[in-house]
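Got a structure for you, questions after.
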Number of protein chains: 2
Amino acid sequence: MPVTIYDVAKAAGVGISTVSRVLNDNTNVRAETRHRVLEAIEALGYKPNILARNLSRNHVQTVGVVLSYFTNPFQVAVLQGIERFSSQAGLDLTIFSMESLKRRETLLENLSHGRRCDGLIVISFTPEDRFLQRFQRYHIPVVIADFADERIPSIYVDNVAGGYIATKHLLDLGHTRIGYILDHIEPQNGSGGNEPGADRQKGYQRALTEAGIAFDPKLVSESGLHSRERGAIAAHRLLNHPNPPSAIFAASDMIALGVMEYARSQGLHIPGDLAVVGFDDIELASFAGLTTVRQPMQEMGRHAAEIVTRLMQGEKVLRTSRQLPIELVIRETCGALTLAERG
Amino acid sequence: MPVTIYDVAKAAGVGISTVSRVLNDNTNVRAETRHRVLEAIEALGYKPNILARNLSRNHVQTVGVVLSYFTNPFQVAVLQGIERFSSQAGLDLTIFSMESLKRRETLLENLSHGRRCDGLIVISFTPEDRFLQRFQRYHIPVVIADFADERIPSIYVDNVAGGYIATKHLLDLGHTRIGYILDHIEPQNGSGGNEPGADRQKGYQRALTEAGIAFDPKLVSESGLHSRERGAIAAHRLLNHPNPPSAIFAASDMIALGVMEYARSQGLHIPGDLAVVGFDDIELASFAGLTTVRQPMQEMGRHAAEIVTRLMQGEKVLRTSRQLPIELVIRETCGALTLAERG
DNA sequence: ATAGTTAATGAAAGCGCTTTCACAGAGTGT
DNA sequence: ACACTCTGTGAAAGCGCTTTCATTAACTAT
């Protein structure tokens with residue numbers, strides 16, 4: 001029923017290999033012949049069957065991205081960047097979301113076997129070694145976004161610097177008891193604790209130390225997830241401390257938003273009673289007037305997509321990893337503006 | 001290099017068709033034979049080549065979703081619902097985002113030809129007829145989310161009812177000049193103006209009429225997009241009217257958020273000087289204290305995914321379309337709570 | 001026993017491309 | 001004129017599955 005390459009060949013009075021040639025390389029086919037073939041294609045409304053092409057070429061023309069939480073605006077923003085690039089590159093984008101570690105296992109298991117994508121971008125974590133090896137064996141390049149792993153092309157940000165500038169900013173504003181909330185302390189896997197949250201904490205501690213303030217573990221809380229609900233819970237723990245912090249630095253804007261909600265529900269004024277600084281600069285942050293450390297989320301996605309794409313095409317890429325710049329965005333929740341206005 | 005069905009057949013001492021049978025139907029193969037085959041599969045670590053299987057079966061085991069704006073939290077929420085269902089159903093999910101009408105044309109053009117997905121979910125619009133026909137010809141079921149089209153399976157809500165209850169609520173609160181902001185007035189295509197924004201406007205007008213208030217076209221503004229920036233611009237137009245509204249109903253929460261930002265930037269208090277009601281109930285809405293009409297976004301996605309999936313499997317589905325319930329969520333921006341507190 | 005089913009299996013023919021290989025025919029150099 | 005390289009092209013062999021079809025073995029019914 002559907003028109004195949006054979007029909008085109010017949011109509012143009014050539015062999016299928018010639019048709020295939022005009023469809024692909026374009027070299028070594030006489031102009032006149034090509035013209036005939038093109039006309040036949042046009043006349044019959046021929047469209048190459050992708051499935052056949054895929055089998056023959058052993059690829060699927062798609063890049064996969066695995067993200068841990070679809071609900072996380074940060075990840076969605078990265079995804080956006082990826083989408084924009086890959087659609088322009090003519091690649092399909094298939095997404096795999098895994099809401100539990102179990103799911104992640106099975107997902108990676110499947111993914112690393114069948115060729116469901118030609119290249120993979122993982123957001124915010126490193127796949128276990130055995131998966132990495134398998135991907136390599138199948139020549140499926142993997143690149144990581146929002147995570148630095150020396151073994152793998154990674155697009156990341158200097159999280160310790162980020163934690164540092166956020167904390168320093170609060171310190172400069174006169175705060176001495178500064179809380180920190182991160183998603184989770186335990187490394188998710190054996191990759192060695194360079195998770196964003198942990199790195200931001202390093203920066204936080206470094207700023208504290210430089211300021212001559214002793215690090216108080218009681219001022220660090222874990223939310224589990226980058227969500228408002230969990231952020232609020234973590235804030236609750238911190239704020240009900242006998243000697244509560246006057247400022248909180250959160251490892252993500254979502255957590256920060258939760259902190260703000262909780263604080264307000266307790267009648268606390270922001271930034272008067274509690275200063276808050278977030279991380280990411282998601283869209284809500286500007287609405288909420290949240291001071292935060294901006295990471296170029298879309299750019300991260302774009303770069304990651306660009307790298308996989310080139311790797312997929314067999315290109316030898318020299319600098320596969322890239323560090324993107326961050327920036328402190330000062331808004332209302334830290335109190336700096338209020339001070340300035342007063343002054 | 002990779003182990004194929006032939007290797008398994010050889011190892012198990014059977015023909016490839018037998019291997020294929022145990023891989024698939026499972027009927028009509030002796031228990032003992034199946035066991036041998038299974039053992040060979042295990043021993044060799046055989047995984048069927050998806051590409052070959054796809055070509056042979058003429059499917060790709062994936063559902064596609066085309067969304068207009070990735071930046072739209074509503075669409076992302078629907079996408080989430082889709083993802084959850086389809087991943088459980090063992091289907092891959094590929095997303096197509098189209099930021100312009102041009103892109104949409106070419107996208108649908110490509111999509112309706114090659115088999116890049118076995119089923120398609122489109123969010124918030126109806127593809128043109130010619131595309132629909134083509135999809136039908138290729139037996140690719142299409143279902144629409146957030147849009148009602150009688151010709152196609154659709155998962156939708158009663159938007160005119162939604163517009164009605166939002167407006168009625170404002171009316172009940174004593175407002176008489178109520179503005180309305182929608183994304184765009186012009187139907188995007190010839191499908192006949194039952195776009196969500198237009199329907200909500202119908203409900204808005206109906207409520208007005210019932211209350212004996214003449215509809216004033218000057219109180220309707222178009223933002224173009226569901227974004228804060230555009231919402232703010234539209235609010236600017238409405239609010240600088242000689243006889244400005246005391247309340248604004250926005251066709252989406254994003255627009256409503258923009259309205260709030262603009263109003264506040266002008267020193268207006270919400271809800272004191274301006275009441276605002278949105279639509280969707282995206283996550284930010286609760287943070288912003290926005291009164292809104294909630295639609296079950298994830299559910300929409302889930303249902304849409306369920307329907308396509310069943311259709312893809314050739315199942316004869318009786319009720320392919322479904323209307324989901326909506327609900328007014330009263331929070332701070334409408335002023336109802338303030339009144340109650342006062343009272 | 002004998003014909004008539006049914007169950008289990010393998011050979012082979014697709015699926016619709018890409019790619020290798022061989023072979024004409026046209027140039028080139030002597 | 002003759003050997004010698006290119007170009008342009010088609011036949012045919014994959015790619016790794018599914019599925020049809022024929023065949024054998026085993027089982028029922030007379």
Side-chain angles (χ1 to χ4, degrees), chain A residues 1-41 44-62 110 113-116 118 138-139 313-314, chain B residues 1-41 44-62 110 113-116 118 138-139 313-314:
Chain A
M1 186 85 247
V3 21
T4 74
I5 199 172
Y6 285 92
D7 303 317
V8 175
K10 182 132 46 102
V14 300
I16 61 165
S17 30
T18 298
V19 178
S20 179
R21 267 186 283 264
V22 347
L23 251 27
N24 301 295
D25 2 284
N26 272 12
T27 94
N28 278 158
V29 27
R30 202 148 40 104
E32 195 265 334
T33 310
R34 159 172 307 119
H35 188 73
R36 271 213 326 280
V37 171
L38 255 15
E39 274 189 335
I41 288 177
L44 298 175
Y46 168 73
K47 301 280 169 184
N49 178 316
I50 302 184
L51 273 45
R53 175 173 286 182
N54 286 353
L55 173 59
S56 210
R57 300 218 267 230
N58 190 38
H59 72 6
V60 287
Q61 293 278 59
T62 97
N110 291 332
H113 276 303
R115 191 170 202 91
R116 287 160 76 184
D118 301 323
Y138 285 100
H139 303 290
Q313 279 153 188
Chain B
M1 188 83 249
V3 19
T4 75
I5 200 171
Y6 285 92
D7 302 318
V8 175
K10 183 129 48 96
V14 299
I16 61 164
S17 32
T18 299
V19 177
S20 180
R21 268 187 282 263
V22 347
L23 251 27
N24 301 295
D25 0 285
N26 273 11
T27 94
N28 279 159
V29 26
R30 200 147 42 103
E32 194 264 334
T33 310
R34 159 172 307 120
H35 187 74
R36 269 210 329 279
V37 172
L38 256 16
E39 274 190 335
I41 288 177
L44 299 174
Y46 168 73
K47 301 280 170 185
N49 178 317
I50 301 183
L51 273 45
R53 174 173 287 180
N54 286 352
L55 173 59
S56 209
R57 301 218 267 231
N58 190 38
H59 72 6
V60 287
Q61 293 277 60
T62 97
N110 291 332
H113 277 303
R115 191 170 202 90
R116 286 159 79 184
D118 301 322
Y138 286 101
H139 303 289
Q313 279 152 189

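In the text below, chain A, chain B and the rest are named by the order of the sequence lines, each starting its count at 1.
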List the atom pairs, with distances to 0.1 Å, where a side-chain N or O of residues 3-17 of chain B and a protein N or O form a donor-acceptor pair under 3.5 Å, not counting sequence neighbours.
from: B:Thr4; atom 1: OG1; to: B:Tyr6; atom 2: N; distance (Å): 3.1
from: B:Asp7; atom 1: OD2; to: B:Thr4; atom 2: N; distance (Å): 2.7

Problem set entry | All side chain to side chain contact (heavy atoms under 4.5 Å, CB included) counterparts of B:Thr62, not counting sequence neighbours | B:Val60, B:Asp92, B:Thr94, B:Cys117
For this session: For B:Arg53, check salt bridge (Lys or Arg N to Asp or Glu O under 4.0 Å) against everything at least two apart and list the hits.
Result: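 So B:Arg53 forms no salt bridge (Lys or Arg N to Asp or Glu O under 4.0 Å) with any residue.
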Exercise. So does A:Asn28 get a side-chain nitrogen or oxygen closer than 4.0 Å to the phosphate oxygens (OP1/OP2) of D:dG8?
Worked result: yes
Problem set entry | Overall bend - the helix from C:dA1-D:dT30 to C:dT30-D:dA1, comparing terminal axes fitted on five pairs, nearest 10 degrees |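 About 40°, once rounded to a multiple of 10°.
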Problem set entry | With A:Arg21 via salt bridge (Lys or Arg N to Asp or Glu O under 4.0 Å) - residues at least two apart |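 Residues passing salt bridge (Lys or Arg N to Asp or Glu O under 4.0 Å) with A:Arg21: none at all.
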Exercise. Ignoring hydrogens and geometry, is there a side-chain-to-backbone donor-acceptor pair from A:Arg115 to A:Tyr138 under 3.5 Å?
Worked result: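 Yes, A:Arg115 side chain to A:Tyr138 backbone: donor-acceptor pair under 3.5 Å.
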For this session: With heavy atoms under 4.0 Å as the rule, sort A:Gly114 into base, sugar-phosphate or nothing.
Result: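 Counting heavy atoms under 4.0 Å across all strands, no contact is made by A:Gly114.
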Problem set entry | salt bridge (Lys or Arg N to Asp or Glu O under 4.0 Å) partners of A:Arg34, counting only residues at least two apart | none
Exercise. Can you list the residues that meet the side chain to side chain contact (heavy atoms under 4.5 Å, CB included) rule with B:Glu39, with sequence neighbours excluded?
Worked result: B:His35
Exercise. Is the distance from OP1 or OP2 of C:dG10 to the nearest side-chain N or O of B:Thr18 less than 4.0 Å?
Worked result: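 Affirmative; the distance criterion is met.
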For this session: Would you give a per-nucleotide map of nucleotides 11-23 of chain C, 5' to 3', where B means the base has a protein non-hydrogen atom under 4.0 Å away, S means only the sugar-phosphate does, and - means neither?
Result: BB-BBBBBB----
For this session: Please name all residues satisfying salt bridge (Lys or Arg N to Asp or Glu O under 4.0 Å) with B:Arg57, sequence neighbours left out, ordered by chain then number.
Result: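 Here no residue qualifies.
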For this session: Can you tell me the distance, in whole Å, between the CZ atom of A:Arg36 and the C1' atom of D:dG8?
Result: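 These atoms are roughly 12 Å apart.
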